[in-house]
Amino acid sequence: MQSIFLVPLIFSLFWISGKAAVKRRPDGRIVNGREAREGEFPYQLSLRRLTVHICGASVLDGSWAITAAHCVDGHERQPHEFTLRLGSVKRSSGGSIMTVRTIYKHPSYDTTDMNFDVALLRTQAGALTLDPNVAPIKLPEAGEAIQENISAIVSGWGHMSSTEPMLSSVLKYTTVMTVNQQKCQNDLSFHGGVSEAMFCAAARNTDACQGDSGGPLTVQGRLIGIVSWGVGCADPYYPGVYTRLSHPSIRRWVRLLTKL
Ligand code: 4AZ
């Protein structure tokens with residue numbers, strides 16, 4: 001939620017000092033990522049509301065996808081407004097489109113501090129794995145700690161920089177490193193800090209950004225995080241924040257609903 005307020009502020013600040021900002025971040029992708037090849041991220045979904053890409057999501061099995069709660073907040077009663085594009089690296093074409101039947105937000109999700117920013121989307125049984133370019137991603141074990149300095153991959157069609165609020169038309173990905181939880185807490189203390197249901201990851205000049213929210217952060221084929229929030233994008237002072245899927249309350253809730 002904070003990012004929704006902070007990002008426009010940061011945009012306008014950089015708008016004024018536009019040239020300096022462009023110099024500091026000369027290139028733009030996911031922010032500075034690489035383009036994915038078709039089939040490289042078979043679990044990646046584009047979540048669309050009224051046909052417009054709003055967020056990323058990931059395939060858990062044939063009928064379940066996982067995303068950020070803030071992506072669907074306020075619209076839980078209108079699941080039919082949401083669709084998922086699967087099996088395509090292109091944001092606006094290819095693969096197939098499935099409708100969302102039911103939206104479940106984590107019961108402890110808090111819109112004010114983004115705690116427990118996770119939602120499950122149920123589609124028609126088997127719908128998500130009908131596409132040959134689609135495959136589920138595994139989940140972590142309950143209670144697993146996030147080791148620091150582990151390299152992780154985040155992907156999405158989000159903004160290519162804080163200064164260039166434009167979605168990518170092709171799926172992009174980048175590598176970020178998990179950040180020590182205490183350091184992350186300190187870095188973001190002016191922005192409410194991070195809870196046990198969050199963790200940070202960052203790398204020099206590269207990051208997830210708006211529009212990547214809800215999308216996957218994986219380590220060795222396992223979905224450890226969901227893009228949740230941040231202060232700007234690829235800012236050297238602010239790591240990106242991810243929902244920690246191994247948090248016992250999140251992991252148990254996912255298992256209860258999906259049996260996964
Ligand atoms: C957002 O507004 C957002 N740098 C998501 C991720 C990050 C920043 C903003 C991480 O959805």
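FYI, the numbering just counts along the sequence from 1. Read the numbers this way: they start at 1 and go in the same order the structure lists the ligands and their atoms.
- Residue C233 holds its SG atom at 12.5 Å from CE of M160, rounded to the nearest 0.5 Å.
- Aromatic ring orientation, W64 versus Y104: tilted (interplanar angle from 30° to 60°).
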Quiz item: So T206 and N32, side-chain hydrogen bond (donor to acceptor under 3.5 Å, both in side chains) or not? Walk me through it.
Solution: CA-CA 5 Å; T206 187; N32 284 325; 5.7 Å; no
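- Inclusion of A234 in the set of residues having an N or O under 3.5 Å from an N or O of ligand 1 is not warranted.
- Atoms of ligand 1 found under 4.0 Å from any heavy atom of V227, numbered from 1 in the order shown, are 5 (C), 6 (C).
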Self-check item: R101/T123 under side-chain hydrogen bond (donor to acceptor under 3.5 Å, both in side chains): CA gap, chis, key distance, verdict
Solution: CA-CA 5 Å; R101 278 193 165 180; T123 63; over 6 Å; no
Quiz prompt | ring pair (Phe, Tyr, Trp, His ring centres under 6.0 Å) between H70 and Y109, worked out | solution = CA-CA 9 Å; H70 81 260; Y109 169 59; 7.7 Å; no
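- How far CZ of R34 is from OG1 of T175: 8.0 Å, rounded to the nearest 0.5 Å.
- Remark: distances from the non-hydrogen atoms of G232 to ligand 1 include one below 4.0 Å.
- The part of C209 lying near ligand 1 is the backbone, judged by heavy-atom distances below 4.0 Å.
- Close approach of ligand 1 to D207 is summarised as follows: ligand atoms under 4.0 Å from at least one heavy atom of the residue are 4 (N), 10 (C).
- Using a non-hydrogen distance threshold of 4.0 Å, D212 does not register as a contact of ligand 1.
- Those atoms of ligand 1 with a heavy atom of S213 less than 4.0 angstrom away are 1 (C), 5 (C), 11 (O).
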